[in-house]
Amino acid sequence: MEIKQIYYFTEVSKYGSFAQAAKMLFVTPQALSKSINNLEKEYNCQLFIRKNNNLILSDIGRGLLPQAKALLEDYYAFDQRIKQLSEIENGYFRVAIVPDSLSILDINLFKKFRELYPQLNPDYLELPDRVVEEYLEAGLVETCFHINTLPNQEEYESVLLCSSELCAITRGGNNCLGRKDYVTLKDLADKKIVTKGESYKSFALLAKAAQAENITLNYEVKTADTSLALDMIASPGYVGTGPYAMYGVLEHTGDTAVPFSPSLPWNIYLSYKKYKPVSKPVQLFIKYVKEHYSISD
């Protein structure tokens, strides 16, 4: 018996058809049928009853299905654990980060960490804000830099690294915001908004606030291309969005950043799951970030 045969057994039971299960498994129905037949012959039992064009679990099949699923879960957990231990031995780990977070915190953060721990091999994945959260939730990374609180925040330990707020931004000779100290969403109702798309917190914050105030905004362009966005907000009537902390980084460019009223918080956190042990390299990374970049919440 092979683990592949157990997997095939559970998939055929799910779809009730060799043809449908084979399509989902990217194998031929003949190969799938042969695998199940070999398993039945090996143990001299019948797992499925062939009725018309459907496959129905036999009494033996129904009795084995829960155990087969549990065995597969244990196998996948074991497989992931081996990979995790291998990465620990090699000192390799990944951190998911949202765009611009290193520019705001410290562009050399990972370089400095490597200098302190030359035996470790960290890598970072810069991903859209919501994808970063999905990676952490799915266990694809053990820790991440993200914006604002997480959907299931009670399941995570979080460290505040930057406290900022979302701003309306213009560039160069574009003076459509005037000399305001603050802007409201009503001020933007007649402007052409340039912002990142739905996968980013800046859009979500703006859209949620506009919906709450029953204000319709004109999202002229949704793009993650920073160069394109900066070029567009130099034109009269166009307004971009971004964190005030980032404006401080880009102040020499001549951008004008005006906070919203009411304020739209835009904070950077480092988070990891509360009740799931993290590898030793990631423990050292979290400790380093806490010591060098944490601010009081």
Side-chain angles (χ1 to χ4, degrees), residues 94-110 123-135 144-148 161-162 164-211 213 215-261 263-269:
R94 301 188 304 174
V95 180
I97 67 172
V98 295
D100 300 326
S101 55
L102 291 183
S103 298
I104 293 171
L105 296 172
D106 183 355
I107 197 67
N108 293 314
L109 186 153
F110 280 86
D123 189 17
Y124 66 85
L125 306 170
E126 187 171 277
L127 302 165
D129 301 354
R130 294 196 181 280
V131 178
V132 166
E133 296 177 0
E134 291 169 1
Y135 264 55
C144 72
F145 294 152
H146 62 91
I147 305 303
N148 294 345
L161 306 178
C162 172
S164 187
E165 57 185 322
L166 200 66
C167 293
I169 302 175
T170 59
R171 164 165 283 210
N174 179 7
N175 297 314
C176 68
L177 296 178
R179 296 182 175 276
K180 296 177 180 290
D181 292 327
Y182 295 94
V183 295
T184 65
L185 293 177
K186 288 183 180 179
D187 294 329
L188 299 188
D190 61 344
K191 305 294 190 295
K192 298 175 182 178
I193 309 298
V194 180
T195 185
K196 294 180 178 179
E198 287 82 350
S199 294
Y200 295 86
K201 286 294 182 73
S202 54
F203 176 85
L205 286 170
L206 200 62
K208 184 177 180 180
Q211 184 180 28
E213 295 187 31
I215 295 173
T216 300
L217 297 178
N218 175 20
Y219 300 106
E220 183 75 10
V221 176
K222 298 176 187 176
T223 178
D225 186 333
T226 302
S227 297
L228 174 62
L230 291 175
D231 286 344
M232 296 199 71
I233 63 174
S235 302
Y238 284 83
V239 176
T241 61
Y244 196 82
M246 190 64 191
Y247 165 66
V249 175
L250 300 174
E251 195 167 9
H252 63 281
T253 64
D255 294 346
T256 299
V258 184
F260 285 96
S261 178
S263 176
L264 299 177
W266 194 94
N267 304 319
I268 302 177
Y269 290 88

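Just so it is clear, the values below take in all heavy atoms, side chains as well, and ignore hydrogens, waters and symmetry mates.
Atoms OG and NE2, from S101 and H146 in turn, are 11.0 Å apart once rounded to the nearest 0.5 Å. Between the CZ atom in R171 and the CD1 atom in I233 there is a gap of 6.0 Å [rounded to 0.5 Å]. Within the model, atoms SG of C176 and CG of L188 stand 8.5 Å from one another, a figure rounded to the nearest 0.5 Å. One distance of note links CG of L206 with CD1 of I193; it measures 6.5 Å at 0.5 Å rounding. One distance of note links CG of L217 with NZ of K192; it measures 15.0 Å at 0.5 Å rounding. A distance of 11.5 Å separates CG in N174 from CE in M232, rounded to the nearest 0.5 Å.
Within the structure, salt bridge (charged side-chain N to carboxylate O under 4.0 Å, His left out) pairs that include any residue of residues 219-246 comprise E198-K222 (at least two apart or interchain). Residue pairs meeting the salt bridge (charged side-chain N to carboxylate O under 4.0 Å, His left out) criterion with at least one partner in residues 233-246, sequence neighbours excluded, do not occur; the list is empty.
Side-chain contact annotation: T184 with D187, donor-acceptor N/O pair under 3.5 Å present.
Partners of Y200 according to the ring pair (Phe, Tyr, Trp, His ring centres under 6.0 Å) rule, which considers only residues two or more places apart in sequence or in another chain, do not exist here. Residues that satisfy the ring pair (Phe, Tyr, Trp, His ring centres under 6.0 Å) test with Y135, not counting sequence neighbours, are absent from this structure. For E133, the salt bridge (charged side-chain N to carboxylate O under 4.0 Å, His left out) criterion is met by K201, not counting sequence neighbours. Remark: F110 engages Y124, F285 in a ring pair (Phe, Tyr, Trp, His ring centres under 6.0 Å) (not counting sequence neighbours).
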Begin with the C-alpha distance, continue with both residues' side-chain angles, and end with the deciding distance and a verdict on side chain to side chain contact (heavy atoms under 4.5 Å, CB included) for T241 and F203. CA-CA 8 Å; T241 61; F203 176 85; over 6 Å; no

Stepwise, does the side chain to side chain contact (heavy atoms under 4.5 Å, CB included) test hold for W266 with L205? CA-CA 9 Å; W266 194 94; L205 286 170; 4.1 Å; yes

Please test E165 against L264 for side chain to side chain contact (heavy atoms under 4.5 Å, CB included), starting from the C-alpha separation and ending with a verdict. CA-CA 5 Å; E165 57 185 322; L264 299 177; 5.8 Å; no

Y219/V194 under side chain to side chain contact (heavy atoms under 4.5 Å, CB included): CA gap, chis, key distance, verdict: CA-CA 6 Å; Y219 300 106; V194 180; over 6 Å; no

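Closest of all the heavy-atom pairs between A257 and I169 is CB-CG1, 4.1 Å. Here the closest non-hydrogen pair linking V183 and A168 is CG2-CB, 3.9 Å. What you find for F145 and I97 is that their closest heavy atoms are CD1-CG2, 3.4 Å. Closest approach of S164 and N267 over heavy atoms only: N-OD1, 3.0 Å. For the pair S202 and T195, the tightest heavy-atom approach, listed with the atom from each and the gap, is OG-OG1, 3.9 Å. The two residues P243 and I104 make their nearest non-hydrogen contact at CG-CD1, 4.1 Å.
Using a distance-only test at 3.5 Å, with no hydrogens or angles considered, no donor-acceptor pair links the side chain of N175 to the main chain of L177. Of the possible donor and acceptor atoms, none in the side chain of D129 sits under 3.5 Å from a partner among the backbone N and O of S199.
The local environment of CD in E213 is crowded, with over 12 non-hydrogen atoms from other residues, nucleotides or ligands closer than 6.0 Å.
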